[in-house]
Amino acid sequence: MSEAGATKKLLYVNRKAPYGTIYAWESLEVVLIGAAFEQDVSLLFMDDGVYQLVKGMDTKGIGMKNFSPTYSALGDYDVNKIYVDEDALAERGLALDDLQHLVWEDENEDWAEKDSIHLVGRDEIADLLEQQDVIFNF
Amino acid sequence: MSEAGATKKLLYVNRKAPYGTIYAWESLEVVLIGAAFEQDVSLLFMDDGVYQLVKGMDTKGIGMKNFSPTYSALGDYDVNKIYVDEDALAERGLALDDLQHLVWEDENEDWAEKDSIHLVGRDEIADLLEQQDVIFNF
Amino acid sequence: MLHIVNKSPFATTALASCLRVAKPGSTILLIEDGVYGALDGTRNSDAMREALADRTVCVLGADAAARGVADKLLDGIDVVDYDGFVDLVAADDGVQSWL
Amino acid sequence: MLHIVNKSPFATTALASCLRVAKPGSTILLIEDGVYGALDGTRNSDAMREALADRTVCVLGADAAARGVADKLLDGIDVVDYDGFVDLVAADDGVQSWL
Amino acid sequence: MKFGIMVNEGPYTHQASDSAYHFAKAALAKGHEIFRVFFYHDGVQNGTDFTTPPQDDRNVVKRWSELAEAHGLDLVLCVAAAQRRGLVDEEEQKRHGKSGHNVAPGFRISGLGQLIEAGIQADRLVVFGD
Amino acid sequence: MKFGIMVNEGPYTHQASDSAYHFAKAALAKGHEIFRVFFYHDGVQNGTDFTTPPQDDRNVVKRWSELAEAHGLDLVLCVAAAQRRGLVDEEEQKRHGKSGHNVAPGFRISGLGQLIEAGIQADRLVVFGD
């Protein structure tokens, strides 16, 4: 599994809300740096992690940097497999439309714009975890 | 309420398990220092805080100091109002007998040994919180 | 008295512990990730609606706005700023932080 | 694969989230405050008994002993030391920590 | 009114120090007095002047120092917590032979009695933590 | 087998660093290799030599330094996290004009790429945190 040069499947698991703790932001910094390594990268947002992708954040009142625009840059870094737990959304009263619309351009299809976010359920999450070579937890 | 010289009602609220985080231990250090101030002191253990008082801890395997013997010294510091949430115990399958037997000696009754731990329910906890001048949270 | 909750009800049991013992007439202030407890349409909304029947529930507006959820608050929840936070602490005669 | 849970099921939702997606045949290792999830007679015991039906559940013995609960474990739970922890990581081909 | 404030977590990782800062600032602006801000547990990390946060982020430590400077705030780091976590003033530097000292302006290291005193002397104690 | 270890919390407040240490020690004793221990978030505080914990407590920082010394462990503190939280080596001390430096023996400051590399090069990555 650790063959030099082989591409590995890397998963970043995000389960915490933004701003209350810094994990969401510092996790995103890892993803951006990690993109340069040209591995097979996925992101999973579950539990309160789904709140990281909510649109319309305005942090002026708490005096902290709003890092949420950075998510929309992920597509440019070829990070386009973003899995969101649909049950986590539902129990929080959220729909896909409450999240940022994250897209990427597929060079194999004449740069067609495609959605990066994929809603997944319990079984798909279980599979996703099992398929990885490396999981980063924050 | 902040009359100089007046005795205040101080409550230490402990809601976290020991060893996984240091709050239990460092909270106990505050209680010991605070005892010198001769205020009207109470301790409340609720939620996972009730695990702090479980007897028979043996920390050799994790290489951390077992600070639990210190609880038995609280009586000598005139800290003898120790309230434990009985519902928190019950949902954890614990009985009073699973906890350390904490006692104090009543100088007004010829140093009779008395129990420091008092089991309390929801309404008593609600009253206890309302009665305090100062609450320390950990 | 004033109860302060700074945790999401979906992550920890802090809000549930608070609601269990917060008396009628007391005030519950939701700050930081605690603001998620103030939202409508969630698994937690019924518990909060029940709290609103006999307790005052406030949310720190800056924390709700930061998280993009300021427009999703339950009816009956008061929005306060840091000045209002100070006023709540000054007005009540005790503060319990559900860390 | 190996799932590691280090939180009390009475404090956070980490164990519940883990049990929801840990597949039959996977291993769940409870460490630190996670060991409280391994105890018999608690509000959480039924969920753990259900997990034991088709998953392997281990507890780090040193963490259970530190907390004075080593004699309260559910039947069917394996006790491991740090050596056993290493073996579990080496044996399974993936590790997910439910922080 | 006289407030006491307790901060249990360090800068950046948890929002506790930010919330405490905004609370303190608002209280002072409304004419209240802050008797003391006591930093405990990882909260002592709010007092390190060794931080150099990114330009586009707030400087949590400096903000506390400036608030202390402007309002004569008493910012106290618990000595026991500071020793466990690596906060060293000039005196401790000499005693323990460290290469420097990292307590930021406006902060001082003192004992847990200062927390109890804050609880007793203030009209209200507000705790910020995790 | 080759392990990578990630530590997300600082010493003493959370057990994460203790668990990681005992895991690493056991792995080395069993003949496994530790490719790298990467300290992120508050985990960088594990690398401060400014701590002086009580005599009756373990010395978390020193324990890591000694394990590194004995086994040639690579202990890496994330530079961005270190700057936010006040970890300074001699180079950073000069650059930012601090009064000293507080990176303990055996630790080095480097970039996040070192974490990704550990994930790729190691057979297993184990994360310890809160």
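Throughout, a chain's letter reflects where its sequence line sits, starting with A, and its residues are numbered from 1. Not measured: the values here are computed from a predicted model.
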* Check: F/T52 and E/K98 side chains under 4.5 Å, non-hydrogen atoms -> yes

* To do: For atom NZ of E/K94, decide whether the heavy atoms of other residues, nucleotides or ligands shown that lie under 6.0 angstrom number more than 12.
  => no

* **F/E33, CD: over 12 other non-hydrogen atoms inside 6.0 angstrom** => yes

* Structure fact -> Comparing E/V88, E/V61, E/T48 against chain F, the one with the most heavy-atom pairs below 4.5 Å turns out to be E/V88

* Asked: So which of F/H41, F/R85, F/E9 has the biggest tally of heavy-atom pairs under 4.5 Å with chain E?
  -> F/R85

* Would you indicate whether the side-chain heavy atoms of E/D42 and F/Q45 approach each other to under 4.5 Å? => no

* Residue E/D130 versus chain F: region with a heavy atom under 4.5 Å -> side chain

* Who among E/V60, E/T13, E/D49 has the most heavy-atom pairs with chain F under 4.5 Å? -> E/T13

* Measure up the E/F50 and F/F50 rings against each other and bin them: parallel (under 30°), tilted (30 to 60°), perpendicular (over 60°). => tilted

* **Top contributor to chain F contacts, counting heavy-atom pairs under 4.5 Å, from E/D57, E/L87, E/N102, E/T51** => E/T51

* Asked: For F/H101, does its backbone N or O pair with a side-chain atom of E/S99 as donor and acceptor, under 3.5 Å?
  -> yes

* **Listed partners of E/Y40 passing ring pair (Phe, Tyr, Trp, His ring centres under 6.0 Å), at least two apart** => none

